[in-house]
Amino acid sequence: MNKETRAPIIPALFHTGTVCLSPSSPIRILVVDDHPFLREGVRAVVETQADMQVVGEADSGTDAIIRYRELLPDIVLMDLQMPDLSGDQAIAAIRERSPKARIIVLTTYAGDAHALRALRAGAAGYLLKTSLRKELLQAIRSVHAGGKHLDADVATDIALHLVADAPSEREISVLSLAAHGNSNKQIAAKLGVSEDTIKAHMKAIFAKLGASDRTHAVTIAAKRGLIDL
Amino acid sequence: MEEPTSSNDAMPIGEWAGVGIAVAPNDAVTAAVDLAAAGVFTHELSPDGAVGGLRHLDRAVGGAVMRLRGDGVFNAAPGEILALSTPRLPVAASTILLVGMGDPESWSPAMLETAMSAATNEALRRGAVSASFAPSLLDSGIAVIDAAGVAMAMLRGLLSALDAYPRRFDLKLWVFCTGAAHLTATHAAFARAYADLAREMPPGRAP
């Protein structure tokens with residue numbers, strides 16, 4: 001049925017104002033990523049849509065905060081790993097000043113820890129760079145309208161790992177040092193504790209991550225976004 | 001009439017704005033549509049948590065529905081929406097849409113109208129050709145349900161959103177999900193509600 005020929009079905013039930021059929025102003029988007037090629041790619045995809053417009057780009061977390069203040073975009077597409085300030089730190093900073101800012105993370109990181117940090121910082125969407133073009137466009141429209149959008153696999157990862165006991169901040173510190181090639185003795189010296197304490201931490205880490213050895217633990221932790229290599 | 005026994009047994013209700021409306025014995029996991037919406041309350045009334053289709057959905061996405069709600073990523077406030085894109089099998093839909101239903105202690109059919117409008121608007125925005133909605137009332141522990149009021153509220157929510165959408169849309173099918181055991185009764189309630197709404201239309205506007 002032709003949309004323009006229809007009238008509200010029940011005047012008493014539905015609004016009686018004029019339905020706006022003209023296109024509304026486009027969704028104004030800020031693209032934040034330290035890779036120019038990625039920014040160009042996103043711009044190329046977005047600008048095929050009549051209802052969207054890229055109004056600016058930023059190549060770091062700090063630049064994103066500045067550009068957000070200047071441009072006040074409707075949507076920010078935010079990478080996570082960038083120079084000087086990470087994406088989740090930039091999200092928190094933007095949301096602190098502008099609590100209604102709508103931010104979608106567009107990242108290569110599928111790990112639950114990355115996603116949870118970003119969502120807790122105030123991101124309304126979390127998409128992987130492997131997502132389909134259609135998903136990105138749908139997420140932009142959805143978040144612009146006040147919704148949230150998550151990749152289902154990321155959501156499942158969050159759920160699966162929240163069930164498990166998460167490693168403590170101290171245990172993450174120990175594992176980060178192990179990931180950078182330090183022995184238990186070296187880690188103990190750096191943290192000012194005994195080697196037995198580090199062994200106990202490592203044992204707890206293995207149990208919490210379901211790891212069989214320290215290499216396995218480092219691999220799992222990096223994949224989940226608990227540590228950065 | 002024989003009792004329908006499979007997910008192919010969608011029972012038509014009518015059509016509005018080019019969108020066929022039906023009731024089918026599906027849930028958000030089994031509905032083979034572009035976007036499968038499921039109502040989610042702030043909590044379940046039963047201490048055992050969600051049952052039925054809502055529990056089926058939560059399990060199909062690894063517990064994500066309850067975890068995202070528990071962690072505050074999705075608060076289930078009335079009309080709040082969260083889309084989960086490209087879910088894996090056994091979910092048949094391309095996108096799962098969680099739709100906030102608010103507090104089940106103060107639930108009323110009006111909350112369903114809000115939820116339905118939110119789900120419909122999201123389906124239209126996403127360019128879905130087919131969509132479904134499972135209200136999760138029984139699944140959330142709401143035992144006393146006015147079937148006529150529920151059907152009327154859901155239809156009002158759907159039709160008002162279709163009517164108010166400011167752009168052309170691709171949607172061709174909307175399915176209201178129900179348990180197989182309730183299919184005949186649910187279909188009858190929707191058919192009555194649809195007929196009542198049709199009678200309220202201006203002359204010449206009846207479908």
Which distance, rounded to the nearest 0.5 Å, do you find between the [atom1] of [X] and the [atom2] of [Y]?
X: Arg125(B); Y: Arg141(A); atom1: CZ; atom2: CZ; value: 10.5 Å
X: Leu137(A); Y: Arg126(B); atom1: CG; atom2: CZ; value: 11.0 Å
X: Lys148(A); Y: Leu97(B); atom1: NZ; atom2: CG; value: 13.0 Å

Top contributor to chain A contacts, counting heavy-atom pairs under 4.5 Å, from Pro87(B), Ala83(B), Ala64(B): Ala83(B)

Hey, does [Y] have a side-chain heavy atom less than 4.5 Å from the side chain of [X]?
X: Asp71(B); Y: Ile158(A); result: no
X: Ser131(A); Y: Thr86(B); result: no
X: His149(A); Y: Glu122(B); result: no

Could you check which of [options] has the highest count of heavy-atom pairs closer than 4.5 Å to chain B?
options: Val143(A), Leu132(A), Leu127(A), Asp151(A); result: Asp151(A)
options: Val154(A), Leu150(A), Thr156(A); result: Leu150(A)
options: Ala155(A), Ser142(A), Gly147(A); result: Ser142(A)

Check ion pair Arg167(B)-Asp51(A) (N to O, under 4.0 angstrom): no

Does atom [atom1] ([X]) have a neighbourhood of more than 12 heavy atoms from anything else shown, all under 6.0 Å?
X: Glu169(A); atom1: CD; answer: no
X: Lys129(A); atom1: NZ; answer: yes
X: Gln49(A); atom1: CD; answer: yes
X: Arg59(B); atom1: CZ; answer: no

Residue pair Ser85(B), Gln138(A): steps toward the side-chain hydrogen bond (donor to acceptor under 3.5 Å, both in side chains) verdict: CA-CA 10 Å; Ser85(B) 58; Gln138(A) 287 176 335; over 6 Å; no

